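Please read all numbers here as calculations on a predicted model, not as lab measurements. Just so we're on the same page: letters track the sequence lines, and every chain starts at 1.
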Amino acid sequence: MAKNQELAKILYEIADYFEMEGVAFKPYAYRKAALSVEALQEDVGEIYSKGGTKLLENIPGVGRNIANEIKEYLERGKIKRHQIFRKKLPLNLNELTAIEGMGPRKAKILYQKLGAKDLKSLERAARSHKIAPLFGFGQKTEQNILQGISFLKRSKGRFLLGEILPTIEEAYEKIAKLRGVEKINVAGSVRRMKETVGDVDFLVLSKNPKKVMDFCASLPEVVRIWGKGATKTSLRLEQGFDMDIRVVAKRSYGSALQYFTGSKEHNIAIRKIAIDRGLKLSEYGLFRGKKIIAGETEKGIYKKLGLQWMPPELRENQGEIEASSENKLPQLINIDDIRGDLHLHTTWSEGKQTIEEMASMAKAMGYEYLGISDHANLPVANGLDEKRFLKQMKEIDGLNKKIGGIKILKGAEINILKDGSLDIKDQVLDKMDYVIAGIHSSFKMGKAQMTERIIRAMRNPRLNIISHLTARKIGEREECQMDLGKIIRAAKEYNIVLEVNSQPKRMDLKDINIRRAKEAGVKMVISTDAHNGDHLRFMELGVAQARRGWAEKKDIINTQSLGKLSSFIKKKKNNRNRLE
DNA sequence: GCCGTTTTCGGCCCGACTGTTTTCAGTCG
């Protein structure tokens with residue numbers, strides 16, 4: 001499939017080049033083809049060898065011309081048109097268009113006039129004031145480019161949802177309490193609970209927009225006001241991210257919410273459905289001719305289009321629209337379904353709180369059980385050896401007698417060593433209620449070797465859960481290379497539960513992998529990997545990620561009662577006894 | 001360049017804002 005991805009990338013780039021040239025509609029056509037190729041289940045090479053360019057033309061968005069270019073790519077590894085473009089315009093468009101206000105057309109002009117081909121050369125041109133005198137540019141544009149570059153450098157433009165959510169909730173509460181505010185919603189990627197977000201959009205219903213605008217601009221956490229109009233204000237908060245607040249009319253509130261929630265792909269698809277029905281959808285409403293027929297609520301709009309309302313987490317045009325039209329939307333898991341947390345650390349290893357403190361906090365959250373899973377041998381994290389694990393179990397036994405209302409389970413997060421073995425002896429693992437294992441070293445292994453490493457660990461019948469499977473850290477560490485399809489099949493075969501790690505930086509499994517696991521019938525657990533009491537609230541993020549992966553209550557084991565969870569784990573133990 | 005129950009031409013998602021112009025192109029969401 002790697003071939004499909006590479007080809008898609010080339011097609012996207014051709015689209016960008018056409019855009020730079022100002023050619024109409026071809027960018028759209030190439031992007032559509034690229035998207036299809038990207039999502040293809042079968043390898044393009046196989047399709048071509050089966051039925052030539054004729055069969056390639058069956059791919060949506062691929063016609064005779066692009067089919068021939070795919071053929072070119074398959075035979076020669078490159079596409080002539082792409083090569084010619086690249087020679088003519090050798091600039092790093094992805095890097096340049098990441099700047100706010102910079103698109104392909106401006107990038108092309110700046111390259112041709114000033115030779116700016118990447119961030120570095122563009123910054124040099126802007127600093128020496130060569131941009132402002134150009135036709136169609138000016139002082140302001142030059143300044144904005146410099147600011148955009150500095151923002152990119154500082155933050156790479158995206159923020160971890162988990163890090164900014166508390167600030168967003170605070171702002172939400174403040175605006176909601178303002179007199180005259182009838183309704184407020186957060187929209188955009190925050191509402192869709194994407195793991196990283198670019199900025200935050202608020203929608204407000206109020207008869208006094210000016211008051212809302214004034215109030216928001218005067219919030220103490222505001223460090224910059226980008227713009228303040230009658231119904232829209234754009235702000236930069238001290239944490240470094242931007243917030244847009246819009247006041248919209250009541251009759252358009254639902255359509256505005258739908259529109260600003262996105263995703264863009266979802267909206268494009270929805271608008272096409274409107275067009276098919278002779279209607280027009282915009283942020284102002286759903287229209288037949290000039291007559292508005294829906295707009296006050298999202299539900300009303302979707303209904304008029306023959307669709308069920310879709311949870312924002314699903315709105316990525318990844319099949320949710322089809323499922324909605326057939327009344328086959330999943331019953332997504334909810335935060336209230338969670339009965340306990342099975343992955344957290346205490347003062348025994350690298351955690352900040354004692355078992356007792358964590359247990360009482362979990363009890364206050366209404367949990368039925370809490371699993372303690374301190375690190376094994378990991379030197380940096382003050383990991384436990386066999387002796388200390390046995391000592392910790394004794395402490396847990398004592399606490400279970402002392403604290404009522406919540407059951408503390410004995411677990412551990414042990415290491416999957418380079419060869420796939422586990423670093424705690426089976427005799428000690430046998431005494432635990434459940435066992436988690438994860439990769440904490442040798443991240444840069446080859447794909448085949450890494451896959452074998454993980455599957456070998458799964459074969460240990462004492463193992464219940466694999467934590468943060470791909471070991472990625474958003475913005476810091478790439479996913480480990482592995483054959484995910486193979487690993488998911490192995491998880492199913494060996495009855496291994498895959499973790500949805502809720503640390504903002506991890507989010508691992510991520511949404512698309514959750515969906516793959518679910519479709520393969522693999523059970524998952526949503527865990528916080530808490531290192532202190534505050535982290536227990538990350539559960540909300542993991543649940544959101546699971547919802548983005550279409551997970552339902554039945555897919556997640558820590559929605560089960562203690563009794564069911566125990567017998568689920570015990571069943572595995574019994575099977576093992578029979579085998580041994 | 002692609003597509004078609006409006007099928008070989010004519011449309012392709014839509015509207016607003018910004019910064020530059022003096023009626024609009026480019027960009028964004």
Which whole number of Å gives the distance between the P atom of B/dG4 and that of B/dC13?
-> 14 Å
Going by ring centres under 5.5 Å and near-parallel planes (under 30°), is A/Phe25 stacked on B/dC2?
-> no
Within a strict 4.5 Å, meaning less than it, do heavy atoms of the A/Leu286 and A/Lys280 side chains meet?
-> no
According to a strict under-4.0 Å criterion, is A/Tyr284 in side-chain N/O contact with OP1 or OP2 of B/dA16?
-> yes
Take atom P in B/dT21 and the same atom in B/dA16, then report the distance between them in whole Å.
-> 24 Å
Is the distance from OP1 or OP2 of B/dC2 to the nearest side-chain N or O of A/Tyr30 less than 4.0 Å?
-> no
Is there side-chain contact between A/Arg547 and A/Asn334, with heavy atoms separated by less than 4.5 Å?
-> yes
Between A/Phe538 and A/His535, is the ring centre distance below 6.0 Å?
-> yes
Phosphate oxygens OP1/OP2 of B/dC2: is one of them under 4.0 Å from a side-chain N or O of A/Lys32?
-> no
For A/Tyr259, report the nucleic acid contact type (base, sugar-phosphate, nothing); a contact means any heavy atom under 4.0 Å.
-> base
How far does the C1' atom of B/dC17 sit from the matching atom of B/dT23, given to the nearest Å?
-> 15 Å
Under 6.0 Å between the ring centres of A/Tyr30 and A/Tyr17?
-> no
